[in-house]
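Some notes on the structure that comes next.
Just so you know, ligand 1 is whichever comes first in the structure, and atom 1 is the first atom listed for that ligand. For clarity, every value in this text was computed on a predicted model and none was experimentally measured.
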Amino acid sequence: MLVLGIETSCDETGIALYDSGRGLLAHVLHSQVDEHAVYGGVVPEIASRDHVRKWVSLTRQCARDAGKQLDQIDAVAYTVGPGLAGALFTGAVAGRMLAWSLGARALGVHHMEAHLLAPMLEDDPPQYPFVCLLVSGGHTQLVRVDGIGRYKLLGDTLDDAAGEAFDKTAKMLGLGYPGGPKLAAIAEQGEDKKFVFARPMTNRPGLDFSFSGLKTAAMTAFLSVDKDPHAVADIAAAFQDAVVDTLTIKCQRALRQEKLTRLVVAGGVASNKNLRSALAAMLEKMDGRLCCPRLEFCTDNGAMIAYAGALRLQAGQTSGKQVDIRPRWPLAEMSPPQ
Ligand code: KG4
Ligand code: ZN
């Protein structure tokens, strides 16, 4: 089955072709970073308009790269949530319309399920069951995964998501947008332990997170120093250390609680180098295994949408003719394909 994946939930237009027999054939991505950078963050209306402008040429390019004609596509999978309503709507309308015009099947995909399954696109994918740390711009969740659609939420953030905390802190430190990668880059030049911030909610039981206090701690430190670039780098390093340590402690706790030794980490923040090495070191001590998507499949992309869609389409699931989007869609509401 040849599946076209369309991702438009936020500020990246991702298109991919996945063949259930041969694997991923091609994927292309257009990032809107330049369009949003002048505003210091994602502007939803600009995001929607840009998806509309780009999706057709990206789809053509993807088909060319894969050596396929559009009429060979058996099904179209597109993100329907969670995400920005307008942006989701552009991809859902495009996907549904393309499927209709090709006489292909159509399926709306859950963006976070797609992130969670992204490591399955790598060689030697993880076996079920595993614990998954989902860390993106809108989510920080620990999930026990027993199979596709079999998710148990173990922990969630009470306020900001980890990626959101990276973005807001970066903005406050004057590092601009996109905050996560910029803060991570400058943190490399920071001096270790010049500042030390608390590891929120690690000194009490439970698997929930809270990152908004860290933002305030970084702000207080920032106001206490003359704005020299070294101090900014030191604060960035301390902030990143605190987030990485907190996530690592909670992942270890979740694995112990579930008596599992396999951890998947997915979503944009999973591309953070320090997080990946801290989790790898923790799992080595536990004699466990860390599975991460390749860097380009941590952040938003079409490949994960095509893949997650293909799994459900193969099991017989299809969406109706109506275009429905779900900007808020808890992962725990997902069920196995019927
Ligand atoms: O998964 P994603 O591309 O979009 C959402 O579904 O939200 O994640 C984007 C988030 C942003 O908050 C971004 O700042 C963060 O991932 N991010 C990073 C890094 N790369 C992206 N955070 C920390 N370190 C990074 N290297
Ligand atoms: Zn995402």
Count up the protein N, O or S atoms sitting under 2.8 Å from the Zn ion (ligand 2), would you?
-> 3
Closest non-hydrogen atom pair, I305 against N301 | CG1-O, 3.6 Å
Got the closest protein heavy atom to atom 3 (O) of ligand 1, with its distance?
-> D300 N, 3.1 Å
Donor-acceptor pair between T13 and H51 side chains, under 3.5 angstrom | yes
Looking only at heavy atoms of H111, does any of them come nearer than 4.0 Å to an atom of ligand 1?
-> yes
Please confirm whether G163 comes within less than 3.5 Å of ligand 1 when only nitrogen or oxygen atoms on both sides are compared.
-> yes
Donor-acceptor contact present, side-chain Q72 to main-chain Q69, <3.5 Å = yes
For atom 20 (N) of ligand 1, grab the closest protein heavy atom and report residue, atom and distance to one decimal in Å.
-> S271 OG, 3.2 Å
Is M112 in polar range of ligand 1, meaning some N or O pair under 3.5 Å apart?
-> no
Please check if the distance between the ring centroids of F166 and F239 is under 6.0 Å.
-> yes
What part of H139, side chain, backbone, both or neither, has a heavy atom within less than 4.0 angstrom of ligand 1?
-> neither
Which class fits the ring pair F197 and F195: parallel under 30°, tilted 30 to 60°, perpendicular over 60°?
-> tilted
Nearest heavy atoms of C251 and L133, plus distance in Å | SG-CD2, 3.7 Å
Apply the side-chain contact (heavy atoms from CB on, under 4.5 Å) test between V243 and each candidate in D245, L247, D241; give the one that qualifies.
-> L247
H115: numbered ligand 1 atoms lying under 4.0 Å from its heavy atoms | 1 (O), 6 (O)
Answer yes or no: does an N/O atom from A184 fall short of 3.5 Å to an N/O atom of ligand 1?
-> no
Closest protein heavy atom to atom 18 (C) of ligand 1, given as residue, atom name and distance to 0.1 Å = G180 CA, 3.7 Å
Please report the closest heavy-atom contact between R262 and Y128, naming both atoms and the distance.
-> NH2-O, 3.6 Å
Within a distance under 4.0 Å of any heavy atom of G138, pick out the atoms of ligand 1 and give their elements.
-> 7 (O)
Can you find a side-chain donor-acceptor pair between S210 and D159 that sits under 3.5 Å?
-> yes
Check whether any N or O atom of N272, backbone or side chain, sits under 3.5 Å from an N or O atom of ligand 1, and answer yes or no.
-> yes
Protein heavy-atom partner closest to atom 7 (O) of ligand 1 - residue, atom, separation in Å | G137 N, 2.8 Å
Over all heavy atoms of both residues, which pair between S319 and G108 is shortest? Give the atoms and the distance, please.
-> OG-N, 3.0 Å
Numbering as shown, the atoms of ligand 1 that approach D167 to under 4.0 Å (heavy-atom distance) = 11 (C), 12 (O), 13 (C), 14 (O)
Tell me, please: is P178 in heavy-atom contact with ligand 1, that is, under 4.0 Å?
-> no
Using a cut-off of 6.0 Å, state whether more than 12 heavy atoms not belonging to Q127 lie near its atom CD.
-> no
Quick one: look up the protein heavy atom nearest atom 8 (O) of ligand 1 and list residue, atom name and how far away it is.
-> G268 CA, 3.3 Å
Verify, without hydrogens or angle tests, whether R253 (side chain) and G206 (backbone) share a donor-acceptor contact under 3.5 angstrom.
-> yes
Can you find an N/O atom of G267 closer than 3.5 Å to an N/O atom of ligand 1?
-> no
Tell me, which protein residue and heavy-atom name are nearest atom 15 (C) of ligand 1, and how many Å apart are they?
-> V269 CG2, 4.0 Å
Counting distance only, does the side-chain N/O of D234 pair as donor-acceptor with the main-chain N or O of E191 below 3.5 Å?
-> yes
Counting each atom of ligand 1 from 1 as listed, which ones have a heavy atom of T299 under 4.0 Å away?
-> 3 (O)
Heavy atom of C10, distance to ligand 1 below 4.0 Å | no
Angle class for the H110/W329 ring planes (parallel below 30°, perpendicular above 60°, tilted otherwise)?
-> tilted
Scan side-chain atoms only and decide if H115 and D300 contain a donor-acceptor pair under the 3.5 Å cut-off.
-> yes
